Amino acid sequence: MFFPEHAYKKIRDAILRCNAAMVDDVYAISFFIEDLGDDARKPTLILGYNTNTFWHKSIAHASNANEAKWNFAYWPQTCEAFLGNNEDAALRQEWINALGLWYSDQDELDNFERTLECGDNITRRFFALASEIAKRLHDDGIIQQKFNHAVPILIHELEYYLEIAQITERANPAGLTTEFSNWIESLYQ
């Protein structure tokens, strides 16, 4: 199975398995992206969520309610699914290779600039894949079916910047991520 389809099915199935007792309380889903071992050839996606209950409890620890609501650092650090571990690694490498972006450790020593460029392209493509998965989950009705209401899927790293808001906006139905985007924009004012 090609990596993008494998990734979609793994995330979809994890969402469908979410605890039924908390689905009405979920207000946002997290697609947290980071590279294993800081290696751009090993991007991962951790699926999580936040609930209104947890958000209200975390406000006391944040500088304001919006930070507690939207900053992943204040969310429960759950892992409903981990995309990029051992079972996914071979498919991910095949996908990166098919994109013409794979490089070896020796390549990195021989032509560091080229491998840096490949690493940046892998990151961009992985974010685009996450965006496609989120959009498809909405388009296929999976989010509505599971949560009985529209829930934004936030695609992010630990740092928040304007491009994160744009990627997230494109992955969700129009207007669903406005509050998240406004929070990110407020960080730069």
Side-chain angles (χ1 to χ4, degrees), residues 3-5 7-8 10-12 14-15 26-36 38-52 55 58 62-84 92 95-96 98-101 116-144 146-147 149-189:
F3 184 67
E5 187 64 19
Y8 171 76
K10 185 170 187 172
I11 299 301
R12 179 201 62 200
I15 286 172
V26 170
Y27 71 84
I29 296 169
S30 166
F31 281 11
F32 173 64
I33 296 175
E34 71 175 346
D35 296 333
L36 280 180
D38 231 10
D39 186 336
R41 296 168 295 180
K42 298 177 182 179
T44 65
L45 185 155
I46 300 170
L47 172 67
Y49 59 85
N50 202 356
T51 63
N52 285 301
W55 165 44
S58 66
S63 62
N64 59 54
N66 282 331
E67 181 180 41
K69 187 172 189 176
W70 300 114
N71 189 334
F72 184 66
Y74 296 97
W75 287 30
Q77 301 301 302
T78 61
C79 179
E80 302 302 312
F82 186 91
L83 179 64
R92 180 187 57 211
W95 174 67
I96 294 169
L99 296 171
L101 299 173
L116 240 132
E117 184 178 313
C118 285
D120 288 344
N121 284 326
I122 292 167
T123 298
R124 269 195 294 287
R125 294 300 291 262
F126 197 80
F127 267 89
L129 174 61
S131 181
E132 291 165 13
I133 291 169
K135 185 165 179 24
R136 188 172 166 193
L137 289 166
H138 284 294
D139 291 348
D140 289 352
I142 301 299
I143 300 302
Q144 185 70 35
K146 182 63 184 183
F147 298 98
H149 62 284
V151 177
I153 300 173
L154 313 180
I155 302 167
H156 63 95
E157 301 172 302
L158 283 178
E159 299 293 322
Y160 294 93
Y161 43 93
L162 297 177
E163 188 177 4
I164 290 292
Q166 295 163 353
I167 291 168
T168 296
E169 285 173 4
R170 287 191 299 268
N172 287 273
L176 190 57
T177 63
T178 300
E179 193 178 342
F180 175 69
S181 295
N182 288 344
W183 172 71
I184 291 177
E185 288 172 15
S186 75
L187 300 174
Y188 294 93
Q189 295 173 352

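Keep in mind it's a predicted model, so treat the numbers as computed, not measured.
- The environment of CG in Asp139 is crowded: more than 12 heavy-atom neighbours from other residues, nucleotides or ligands sit within 6.0 Å.
- Under the 4.0 Å criterion applied to side-chain N and carboxylate O atoms, Arg124 and Glu163 are not assigned as salt-bridge partners.
- Here the CG-NE2 distance, from Leu176 to His149, works out to 9.0 Å after rounding to the nearest 0.5 Å.
- Paired with His138 under the rule side-chain contact (heavy atoms from CB on, under 4.5 Å), one option of Val151, Ile143, Ile133 passes, and it is Ile143.
- For the residue pair Asn50 and Pro76, the shortest heavy atom distance occurs at OD1-CD, 3.3 Å.
- Distance check, rounded to the nearest 0.5 Å: CG of Leu101 to CG of Asp120 gives 10.5 Å.
- Closest of all the heavy-atom pairs between Arg92 and Arg41 is NE-O, 3.6 Å.
- Taking Glu157 as the reference, nothing meets the salt bridge (charged side-chain N to carboxylate O under 4.0 Å, His left out) condition, with sequence neighbours excluded.
- Pairing each heavy atom of Cys79 with each of Ile46, the nearest pair is SG-CG2, 3.8 Å.
- Trp75 and Ser30 get closest at one heavy-atom pair: CZ3-CB, 3.5 Å.
- For the atom pair CG of Leu158 and CG of Asn71, the computed distance is 8.5 Å after rounding to the nearest 0.5 Å.
- Between Phe31 and Ile167 the shortest side-chain heavy-atom distance does not fall below 4.5 Å.
- The shortest non-hydrogen separation linking Ile155 to Ala134 is CD1-CB, 4.2 Å.
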Q: Evaluate the criterion side-chain contact (heavy atoms from CB on, under 4.5 Å) for residue pair Phe3 and Leu83; output intermediate values, then yes/no.
A: CA-CA 10 Å; Phe3 184 67; Leu83 179 64; 4.0 Å; yes

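- Side-chain atoms of Gln166 do not come within 3.5 Å of backbone N or O of Ser181 as any donor-acceptor pair.
- Around CD of Gln77, the count of heavy atoms belonging to other residues, nucleotides or ligands within 6.0 Å exceeds 12.
- In this structure, OG1 on Thr177 lies 8.5 Å from CD1 on Ile184, to the nearest 0.5 angstrom.
- In this structure, Asn64 contributes its side chain and Asn66 its backbone to a donor-acceptor pair below 3.5 Å.
- Within the 3.5 Å criterion, the main-chain N or O of Phe127 finds no donor-acceptor partner in the side chain of Ser131.
- The backbone N or O of Phe82 sits less than 3.5 Å from a side-chain atom of Lys10, completing a donor-acceptor pair.
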Q | Derivation and outcome, side-chain contact (heavy atoms from CB on, under 4.5 Å), residues Trp70 and Leu187 | A | CA-CA 12 Å; Trp70 300 114; Leu187 300 174; over 6 Å; no

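- Taking the six-membered ring where tryptophan is involved, the planes of His156 and Phe32 are tilted, since the angle between them lies from 30° to 60°.
- Between Thr123 and Phe126, every side-chain heavy-atom pair lies at or beyond the 4.5 Å cut-off.
- Between the side chain of Asn172 and the main chain of Ile153, a donor-acceptor pair closer than 3.5 Å is present.
- Between Trp183 and Tyr160, the distance separating the two ring centers is shorter than 6.0 angstrom.
- Atom CG of residue Leu99 and atom CG of residue Asn121 lie 9.0 Å apart, to the nearest 0.5 angstrom.
- Closest heavy-atom contact between Glu80 and Ala14: O-CB, 3.7 Å.
- The neighbour count for Arg125 CZ, taken as heavy atoms of other residues, nucleotides or ligands under 6.0 Å away, does not exceed 12.
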Q) For Ile15 and Tyr49, what are the C-alpha separation, side-chain angles and deciding distance, and is it a side-chain contact (heavy atoms from CB on, under 4.5 Å)? A) CA-CA 10 Å; Ile15 286 172; Tyr49 59 85; over 6 Å; no

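- Atom CD of Glu185 is separated from atom CZ of Phe180 by 11.0 Å, given to the nearest 0.5 angstrom.
- Phe147 is listed as a side-chain neighbour of Ile29, based on a closest heavy-atom distance under 4.5 Å.
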Q | Steps toward side-chain contact (heavy atoms from CB on, under 4.5 Å) verdict (Lys42, Asp35) | A | CA-CA 5 Å; Lys42 298 177 182 179; Asp35 296 333; 5.6 Å; no

